[in-house]
Amino acid sequence: MDGRDETELERWDRNFNELLQELRVAQTGVQILFAFLLTVAFSNRFAGVSGLEKWVFVVTLLCAATATALLIAPVSYHRLVFRQGRKPELVHVATTLAKVGLLFLGAAIVGTVFLALDEVAGGIVAVTGTVAVALLYLSLWYLLPVVNGARRA
């Protein structure tokens, strides 16, 4: 137990509200990134990018679109099961959607970093910077919670 004096239903409500607060942060970021990526393809300079940059752009755009869908899906799910007594199911499904959505968001951010660094500095700087950012996100978003969880156990 966590020492809270709440019913099981109150706990599910709290868990869902906490998840929604977290999703608000992620949704805003992914929507801004997605909008930015959509404009890139229509810029005059896009025609001059290399084949590698075009493939990275395509994968990055698809990751951003997927992240957007996954991070917004809990809202739609909630509306469709509202007042059906399915809060535990909703929290479990929404948690899974958020975790997978964050994975795609991280991939989209890493792809965007590569595209920007490749345009500005090219070659080794783009690869090194992108790997560093990918490791940072993996460390903060996934490794840190796992390591701290292992310490508590």
Taking all non-hydrogen atoms of both residues, which atom of Trp141 and which atom of Leu102 are closest, and how far apart? CZ3-O, 3.2 Å
Please tell me if the side chains of Tyr77 and Val93 come closer than 4.5 Å, counting only heavy atoms from C-beta onward. yes
Any link between Trp55 and Phe46 through a network of hydrophobic side chains (Ile, Leu, Val, Met, Phe, Trp, Tyr) touching at under 4.5 Å? no
Do Gln21 and Asn17 make a side-chain contact, defined as non-hydrogen atoms from C-beta onward lying under 4.5 Å apart? no
Is a side-chain donor or acceptor of Thr96 paired with a backbone partner of His92 at a separation under 3.5 angstrom? yes
Quick check for you: to the nearest 0.5 Å, what is the distance between Arg79 atom CZ and Leu90 atom CG? 10.0 Å
Going by heavy atoms in the side chains, are Asn15 and Lys87 under 4.5 Å from each other? no
Would you say Leu33 and Leu38 are hydrophobically clustered, going by side-chain heavy atoms of ILVMFWY under 4.5 Å? yes
Between Glu53 and Asp118, which heavy-atom pair has the shortest distance, and what is it? OE2-OD2, 2.6 Å
Taking only Lys NZ, Arg NE, NH1 and NH2, and the carboxylate oxygens of Asp or Glu, determine whether Glu18 and Arg14 approach each other closer than 4.0 Å. yes
Flag the pair Val75 / Gln27 as yes when at least one side-chain heavy-atom distance between them is below 4.5 Å, and no otherwise. yes
Rounded at 0.5 Å granularity, tell me how far CD1 in Ile109 sits from OG1 in Thr130. 12.5 Å
For Ala67 versus Gly101, what's the shortest heavy-atom pair and its separation? CB-O, 3.6 Å
Do Val40 and Val110 belong together in a cluster built from hydrophobic side chains that touch within less than 4.5 Å? yes
Which atom pair, heavy atoms only, marks the closest approach of Val100 to Leu70? CG1-CD1, 3.6 Å
Backbone of Ala73 reached by a side-chain donor or acceptor of Ser76 within 3.5 Å: no
Under 4.5 Å between side-chain heavy atoms, hopping through other hydrophobics if needed: is there a path connecting Val133 to Val59? no
Apply side-chain contact (heavy atoms from CB on, under 4.5 Å) to Tyr142 and Leu103, showing your working. CA-CA 9 Å; Tyr142 297 98; Leu103 190 70; 3.7 Å; yes
Side chains of Phe114 and Thr60 in contact at under 4.5 Å (non-hydrogen atoms): no
Starting at CD of Gln31, measure out to CD1 of Ile72 and round the result to the nearest 0.5 Å. 4.5 Å
Which pair of non-hydrogen atoms, one from Ala98 and one from Leu23, has the smallest distance, and what is that distance? CB-CD2, 3.7 Å
Leu71 and Phe104, any side-chain heavy atoms less than 4.5 Å apart: no
Minimum-distance pair of heavy atoms, taken over all atoms of Ala64 and Val30: O-CG2, 3.7 Å
Are Phe36 and Leu117 connected in a single hydrophobic cluster, I mean Ile/Leu/Val/Met/Phe/Trp/Tyr linked by side-chain heavy atoms less than 4.5 Å apart? yes
What's the spacing between Phe34 CZ and Leu105 CG if we round to 0.5 Å? 12.5 Å
Kindly indicate whether the side chain of Thr28, heavy atoms from C-beta on, has any atom under 4.5 Å from the side chain of Ile32. yes
